[in-house]
Each structure stands twice: as structure tokens, then as C-alpha cells.
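What follows is a single structure, written as C-alpha cells, with notes after it.
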Amino acid sequence: MSHFSRAPRLLSLVISLALIGAQTSSARTASVLPPLPSQDAPWLYKGSDVPHDREWYFGVLDNGVRWAVRNNQVPPGQVSIRVRVDVGAMHEKPQEAGFAHLIEHLVFRQSRYLPQGAAIPTWQRLGATFGSDTNAETTPTATTYKIDLPDASPATLDESMKLISGMVFAPNLSDNDIRIEAPIVLAEKRERGGTAERLMIAMRKLMAEGQPLASHVTVGDVETINGARQNALRAFHQRWYRPEKVTVVVAGDADPRLTAALVTKWFGEWKASGPATPDPDFGEPTTPAGADPANPVGAAQVLIEPTVPRSLIYAVLRPWHEKQDTVVYNQGLMLDQLALAILNRRLEARARSGGNFLSARVDQENESRSVDGTFVTVSPLDGNWRGALSEVRGIIADMLDRPPSVEDIAREAAEMNVVFESQVQQRALLPGGKLADDLVQAVDIHETVASPAVVQDIFKQSMPLFTPQAVQQHARSLFAGRVIRSLYVTPDKSEVSPQDLRAALLTKAVPDERARAAQKPISFAQLPAIGAPSAPPEVRPTGMLDVQELTFANGVKAQFWPTKDDPGRVIVKVRFGAGWQAFKPTDNAYATLGQLALVSSGEGPLGQEELDRISTGRKLGFDFRIDDGSFQFTGETRAEDLEDQLYLFAAKFAMPRWDSGPLLRARAAGKIQFSSYAASPQGVMERDLRYLQRGNDERFAVPTPEQLDKVTPEGFRQVWAPILAQGPIEVQVFGDFDSAKGMEALQKTFGALAPRGPLQPATTKGYAFARPGAQPVVVTHEGDANQAAAVVTWPTGGGVEGLSESRHLEVLSQVFANRLLAAMREKSGASYAPQVSADWPIDLPGGGTLSASAQVTPQMVPLFFETVDRIAADLATRKIPASELALVTEPLRQQVARASSSTAFFMSQIEGATQDPRRYAQVRGLMADYVNVKPEELQALAARWLIKDRAFRLAIVPERK
């Protein structure tokens, strides 16, 4: 929960002036507005002594609609609107299964102020992208409509509030609308179904046995969706869509008096029809007859899924009750969090050291106002579920048997403190959409919101309460409940029975005295120096705002930008090497495992455990990724930890360590994960698409278990050691830090590295492209027989000199996407969310693609290919109408304008410019390339690239059983 003041806007202003001229996008206050109501007793804080977040204003209309509004200027010009209705899947009768979700769809189809099918283009004309800026969500307890309106003005805010009010209280819900929308809902059900849906249903049926949550699937079932008629849906809407069940939340760059007045204007005249219907009883978990109160083991279930990794879950379940969200209640939550953090650290330490499980975790969750549960999730190794379960329960039993040490508590409290401090420092950076979502969540769980300063103050006041005995008592409470239920998912039906699983949980857990993790502190001051600090670097301006380029004597270059636009945050990125170009085809397993194990294999005297301990109470990050033409380390830190963040990255080059444990764990994870790719078309696409698109390039093949078995620690070192040792390094440091101290930190770390050898020529330059063909390549999946997927990919280009063209291709892909959505979703209901995307490798002279894909039924695969070919041919032979193009360019303009208010976005645009200065100049044309592209330019682009005979086609269909 967060409290925010005015955000810095220098960056977006400068970029806007440089690229497109001054814009005025914030919603100005009308000349006369009614005052806001008194905030002495806002409805959200009823019964709570938590200090109010004074940035929010609250009110209740005469008809019962509750509202909350606030000013927030991140991103500049945007206003986020949320309308939450207190109705979800658990409000449905059996014959209404799926109605709440179906109505969520239908309100976008047609309503009082929106004609048939006009919602998507209307929001696009207002600059909102369908699916990201305009969306909705149905849960078991609520339905929430979401609009993020860019470039908001009083007029567009008024129009938006009008439209969304009509959608909520006056949708059409006609038989004709249902006939169009029902196939789309069924396509969504199919695409999100299969194994994942079966697991979710099984989990809910077991954990919420005897309660409505167990039998209410949000998306509904085929029979009730196909059988839905307007009278039934209108009756459901009339019963539950009532003013007193609605909360309107608005946060963004507008005067709260204006947004409050607009809520009153458009929601104030809504009248309820008929008497209110009481909410259904969500029930409570019950204790099995004759169960031991100290260990009330209930139902156990074994689910056989051949393509799913083994997973064991057991839950200690309690009734969910209304709570008074007081300071004392929040102090209890902090003690719960401390207990869970200590326990999860112990579980992770055991997994790293060679336990019987790959991973294990304990979480406390309040699920849909139905159960308050403590959930233990375990991934056993090699089918040894008994050993894994026994080991995890032993670690938990030790926590319940002996209080944690003062050092245990201090370590986790220091981690929590860093989080709370960062939230206070960054209070001006959180987007209005996130603020609005947080308040909606608070309404949903019947709690409050608090500013970061209040949260931090409660935490500091609570420190004396964090005693070993108190933490132990909260741990014991987390593992006390009415019933314990368990589920084991396995591919082997002979491995375990429900009786076996239940018997194992009935066995008394033996405390494991080895569970306690080492707590000896480690200091950066104890670590060896990277080398002798360098002399001050050569400094030159880049011509881009205040970004400077530094060149050190050892060849390391840096982009350096101290700025107050990111209060409390510093980003460090390190770019090096040749990325995927550095690998031989036979290196695919080592490349894949490097993304999981390279960082955790350690550096200098620090193994993975030591890396964790040295970061206690600090804000340090260490993410790693492989790009087309480079590798990258990324970390988010703060000014006081910047030097240590730079040390961690530089030490990976200066003194890499090659511990085998992280590699062997990553190898085990890869073997366990491999079979799951075959469970669905999406999984097969994730596994095979890049490999097939790039001409069966083995570097991009997901390694098989047989290939992973051949991986060795020495082989890993032989592949990765040269990568860390050669080629230029570019460091980006930007954010809220002192310039002199940041420069000194770079001199001690990256400036102190030994000169590096030249980058060896890439094993393979560029990428091949799949052989095109009129007939698709066909691969199979092992999932449901009604699921399939199809892809069409055209080769395009790459390189810095083509960046302007790549942006035009992105515009073209969005036009293509709108047409494909209209054809495959809106007209035929064949696919819920078809996608079109353009990729352009900046570091390489080629290898780009434009791809269209969709999940469909197997029977619809030919229709997809025909539709894609027809759209591509039309784009290549006819100019796009200006009105259609505007539906793409306006949202893109808004996206760029919003993104450019972030220093991180701007710096991402100049990555690699220390090696290729052309990238600096290319930034200046960014907005114009998206906004000013002409229809004839896009037609020429389509004619150049979208050639039918050059396309690669892929069909992913179910295997015959």
C-alpha cells in the first residue's frame, strides 16, 4: 500500500520537447467544482485505527455507490478507473455457472452508450490499448472493470466515465450479443483449460471441500454458457449489479474534485430494482469426524498427469473470518511474515544442500473469503515423495519445537525493513493503476490501505514485539487449523495411493535439528578488492539529456546518469559478450542452464549461501539474461548500496566461482520440467518455436533429459569461463545517487578490472530462417484433444540502421493484430487472443521476424492459415485507411509518451551505444516513427516482407491416442 506525492516530470517533458513538441496532457480542473467531503471517517477505515492515507478521498452516493479518488501523476496524463462489483462466480446458482464471467464479456459487447462491437475501437480512439489499458477480471468473489486512460482531459474523462457507467448498469445482454460472445468465452475456456484447469479444479475441490468455492469455476461450463439466454442473464444482472454493491476507484493525473464529481454525475442516478438479495454463505472448512485435534488430517488425493512435474501440496485450513484491520492486527501479520521467512529460508537451504526435494515453500493465503490456509508446496526429486515430505515436515516441526534465534529474526527483519524503506523512498514512482488496484484489493479482502510511511512506522514500533517466543507462537498458529488436506500430482499411478499420502501425514513429524541455517554475518569489507582503483575516466557528453559516457583505461565504458527522476532507486546494467552468437550448436544445454546457474555458482569467496547472507538488509539485485547479441546483468539498488552492487557484478568477471551445486540443481529442474512442455500447445510452442523458426538451430533447442544427463561441472566452466573473460563491457548506472560517489564506486570496481581480451569471432553469425513451405510443419502435443495452435512467421531484418523500419513494422503488426482479432475472435469465435508481434535484433544484421499466432481447435487450423494469408495479401495490395491506422498510432503514441516518463525506458533505448554511437541518434526519431508513418509506407513494408512463399508455418495438434 502506498502514499504518493507529485512525481518528477523532467524526463517526459524533455523527451516530449525533443521528439514531438510540448504536449499538455493532464486533466485540467474545471473552473467550478464541488468540494470533497470530509475525510474524518472514510468508509474504508470503519472500525480501524490504522492512520488514513490522506491522499485518498472517499465518499458514498445516495444510492449506495462507494467511491475513492486521488491525484497521482505517474505516468503523466494518465487516469486509471476501476469499477468493482461485489459479484463473482460464487454468487451463481448451478444453472448459472459462468454467468458472472459471461456478463463481464457482454458489457463490452453493447451497452447504453456503446453500440454493438464499438467498445474496442472507441477506447482505441481515446488512446487506450484493448487488453492492457482496457480490461476486466472476474474472480470467485467480484468482477472488476479496468480502464487506464492516457492523455486524460476533462472531456475524455467525462466520456470514459459515461461509457463505463453504461457498461456496468445498462448493458444490452441480448440473445444476439450472447450468440456472438459465447463462442469467445468458450475459446477462452479452451485456451486456459487443459491440464492447468484440471489442476486448479482438483485443488479447489479438495481444499474447499463442502464450500461453494469447491464447485464454482469462474469460466463456467460449456452447457450453461451455450444455454445462456437474455432473460436469465438479465435476471442475474438485476439481482447482483446494484448500486450498493459497486465501488468506483479513480487514481491519476486529475483533480480529485473533478473525478469525484464525474462519479456522482454518471453513477448517481442509478436506481436499484427490487429488494436486495442476501449474499450466499461461503461456508467454512470442517474437521473430519474422529480426527486428532493436534493433527486433523482429512482428505488426500492423488492426481495422475503424465506431463506434469511431481508436486505435493498440503494445507492446514481454518475458517475465513471478518477482521478488524487495526495496528495490532497488522503487527500480527508482520510476525506471521517473519515466521514464514525464517522457515522458507531453511527449506531453501536444505534444497540447495542436496535434500530430497528440488524446492519447497510455505505460504499463508486467504482464499476468496472462504478459507484461511497455510499451504506447503514441495517438488520431490526422483519420485521420492516420502523422503521429501518427511524432510519438509521435519524442518517445520523444528520451527514449532524450538524458538528461532535472535539472529534468525534480525536477518529477516532487516530484509523486511529494506522493503519498507524502499517503498517510502519510491512512493512517487508507483503508477496510478497500481494504486487503484491496491485499493480494489483492499475492498475485496475487507481491509484498508496505508501509506508507506505509516507501514514503516508500524514496523519500527513493532520491533520490540519480534521476540523468539512471539515468532514461534505465530508459527504454531500458522500450522494449527480445523483440517489438513493434501494433493499429490504425479505421472506414475503406481507411485502412491491416497491412503499412502494420508498415512504419511498422520505420522508424527520428527523435528530436524539440522534445519537451522548459518547466520554468521558477512561484510563486503572482508572481500578481496577487484584490483587497484583506476584513474578518473575520460568523460564526454552523449548529447542525450544529462547522460555522460565514461571510458576507463582498461576499456570498460559506462553510461552514467545521476537524476532525481527516480527517487530512492538506482539501476545498474552490465552488457557484455556476443549473446546467443557465442554458443556452438552443441552448447544448448549449457546455455540454458547458464540462465539458471551462472549467477548462483558464486564469485570469489561467495557461494550461493554467502551471496544471500551478504545481501541481508541491503537492496541488491543480480538478474541475468541472454540476448541475441549480448549478455546482460541487471540489478536494482539504492544510493547507499550502489558500490556493493557494482562490486557483485565486477567480481563475476574478476573472480568467477564454479560451484557445482547450483548447476546440478538447475539440471534436475530442467529434467523435471521437460515433460511438461508436451502438456499443451502453448508448452510445445515455448519449447520448439524459436528452434524451428531459426532453421532448426540447435542452440535454441530446449535440452532433453538425455542431453542434460551429459552436463558436467567442468563442461559448464569450459563454456562460460571464456564468455566472462573476453570482449568489451558496457555499464549503465542511472537513478538517484551522488555523482562523485558513483564515479568513485565505478573506479573501484569496473575501472579496476584487468584489461580484457578481444571478443572471439562468433561461432555462427546471424540466424538461419526456417525453410518456407505451402504446407505447415506439424508437431504434436499430449494435452486435450480440442486444443491446437498455429503460427505463421515471415523473416524480416535487423541492425541499428533499420531501427526506423523496425518501428514501422511494429505499427504494421498492430494493424495486423486488430484485423486478426476481428476475424478470429469477433467474427468466428475461433480464438480468444490471437497475437501478432514483430521482432528486430538490433545487435545483428538480420534475423528479425513478424509472426502471427493463435490457439484454436484442430479443425480451425486451416481457417487460421487462410485468414492470415488473406490479411497479409490485403495489407500488401491496399493502403490502410487513415481511420484504421489511427486506432493503432494513437495508442502507440500514448504508450511511448507514458514509457518515456521512466529513466529505465530511456536508458533501454541507448543500450549498446558505447560500442555503436548510432543508437544515440536513433532515439530522437522514436515517436515520429510510430506516429507519422504513412499508409503507403506500411503497404510497401507489407509488400516487401509479407510474401506468402517466404512464410514458415507451424501447426501444433494433439497426438492421436
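Remember, predicted model here, so these are calculated numbers, not experimental data.
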Margin query: Taking Arg198 first and then Asp784, would you say they form a salt bridge - that is, a charged N and a carboxylate O separated by under 4.0 Å?
Written below: yes
Checklist line | Sidechain N-carboxylate O distance under 4.0 Å for Arg665, Glu348 | finding: yes
Next item on the list: If a pair satisfies salt bridge (Lys or Arg N to Asp or Glu O under 4.0 Å) and one of its residues is in residues 591-603, list it, with sequence neighbours excluded.
Entry: none
Next item on the list: Give a yes or no on whether a salt bridge exists between Arg361 and Asp363, defined as a side-chain N under 4.0 angstrom from a carboxylate O.
Entry: yes
Notebook entry, point to check: Do the side chains of Arg192 and Tyr832 get nearer than 4.5 Å, heavy atoms only?
Noted result: yes
Next item on the list: For His101 and Glu188, test the side chains for any donor-to-acceptor distance below 3.5 angstrom and give the result as yes or no.
Entry: yes
Next item on the list: Output all residues satisfying side chain to side chain contact (heavy atoms under 4.5 Å, CB included) with Val222, sequence neighbours left out; order by chain, then residue number.
Entry: Leu186, Lys189, Asn226
Margin query: Do Ser676 and Gln673 pair up side chain to side chain, a donor and an acceptor below 3.5 Å, judged on atom types alone?
Written below: yes
Notebook entry, point to check: Going from CD1 on Ile304 to CD on Glu495, what distance comes out if it is rounded to the nearest 0.5 angstrom?
Noted result: 8.0 Å
Check: Does the pair Asp623/Lys573 count as a salt bridge with the N-to-O cut at 4.0 Å?
Finding: no
Checklist line | Pairing residues for Ala299 by the side chain to side chain contact (heavy atoms under 4.5 Å, CB included) criterion, not counting sequence neighbours | finding: Leu206, Glu209
Next item on the list: Find out whether Gln693 and Ser851 are in side-chain contact, i.e. whether some heavy atom of one side chain is under 4.5 Å from a heavy atom of the other.
Entry: yes
Next item on the list: Please check if any side-chain donor atom of Asp492 sits under 3.5 Å from a side-chain acceptor atom of Ser494, or the reverse.
Entry: yes
Notebook entry, point to check: For Ala668, which residues count as a side chain to side chain contact (heavy atoms under 4.5 Å, CB included) partner, sequence neighbours excluded?
Noted result: Leu358, Leu381
Margin query: Measuring centre to centre across the rings, with the benzene-like ring taken for any Trp, is Phe375 within less than 6.0 Å of Tyr314?
Written below: no
Check: Hey, are Arg613 and Glu609 close enough for a salt bridge, meaning a charged N less than 4.0 Å from a carboxylate O?
Finding: yes
Next item on the list: Determine, for Arg514 against Asp398, whether the closest basic-nitrogen to carboxylate-oxygen distance falls under 4.0 angstrom.
Entry: no
Note to self: Any carboxylate oxygen within less than 4.0 angstrom of a Lys/Arg side-chain nitrogen, looking at Arg690 and Asp697?
What the structure shows: no
Item checked: Under 3.5 Å donor-acceptor, Thr796 side chain and Gly848 backbone -> yes
Check: Does any pair with a residue in residues 384-393 pass side chain to side chain donor-acceptor pair (under 3.5 Å), and if so which ones, sequence neighbours excluded?
Finding: Arg350-Glu391, Asn356-Asn384, Asn356-Glu391
Margin query: Test: side chain to side chain donor-acceptor pair (under 3.5 Å). Region: residues 589-602. Which pairs qualify, not counting sequence neighbours?
Written below: Ser601-Lys652
Notebook entry, point to check: Should Arg694 and Asp628 count as an ion pair when the cut-off is N to O under 4.0 Å?
Noted result: yes
